[in-house]
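Everything below concerns the one structure shown next.
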Amino acid sequence: MAPRAALVAAQESEPPVATQLVKVKAIAPITIAPGATVEVAIPIDIQATWHINANRPNEDFLVPTVLTLPAAPGVRAGAPRYPDAHQVT
């Protein structure tokens, strides 16, 4: 397919469902003692040819990525720390 035709085809196709674009990799279960503090990294896979924005994007019009954790009995999640942004070209 010629480059121009591929671009037109890509623009006309429907984007994948958001839950298919970014997936959390498997994380081993963690046991936390009462009153203890634990730091957890949440690795993700992003579908090939796609990207996500940083939590603090470098342009005002970009939508930031935000992590939301569901409540769990007896667990209090602190504020997430996001990796630094880097430019993708």
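Remember, predicted model here, so these are calculated numbers, not experimental data. What's counted below: heavy atoms across the whole structure, side chains too, no hydrogens, waters or symmetry copies.
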### Task
Please answer: with hydrophobic residues joined when any side-chain heavy atoms are less than 4.5 Å apart, are Val40 and Tyr82 in the same cluster?
yes
### Task
Please answer whether the main-chain N or O of Ile52 pairs with a side-chain N or O of Thr65 as donor and acceptor at a distance below 3.5 Å.
no
### Summary
Nearest heavy-atom contact between Gln87 and Asn58 is OE1-ND2, 2.8 Å
### Query
CD1 of Ile44 to NZ of Lys23: how many Å apart, nearest 0.5 Å?
13.0 Å
#### Entry: Hydrophobic cluster identity match, Ile46 and Ile42, side-chain contacts under 4.5 Å
yes
### Task
Applying side chain to side chain contact (heavy atoms under 4.5 Å, CB included), run through Asp45 and Gln47 and close with a yes or a no.
CA-CA 6 Å; Asp45 279 323; Gln47 192 176 79; over 6 Å; no
### Task
Of all the heavy-atom pairs spanning Pro64 and Asn55, show the shortest one and how long it is.
CB-O, 3.1 Å
### Message
Under 4.5 Å between side-chain heavy atoms, counting indirect links through other Ile/Leu/Val/Met/Phe/Trp/Tyr residues: same cluster for Leu67 and Trp50 or not?
### Response
yes
### Message
Using a 6.0 Å cut-off, check whether atom CG of Asp84 has over 12 heavy atoms from anything other than its own residue.
### Response
no
### Message
Applying a strict under-4.5 Å side-chain criterion to I, L, V, M, F, W and Y, I'd like to know whether Val24 and Val66 cluster together.
### Response
yes
### Query
Linking I/L/V/M/F/W/Y whenever their side-chain heavy atoms sit closer than 4.5 Å, directly or via other members, would Val22 and Leu69 fall into one cluster?
yes
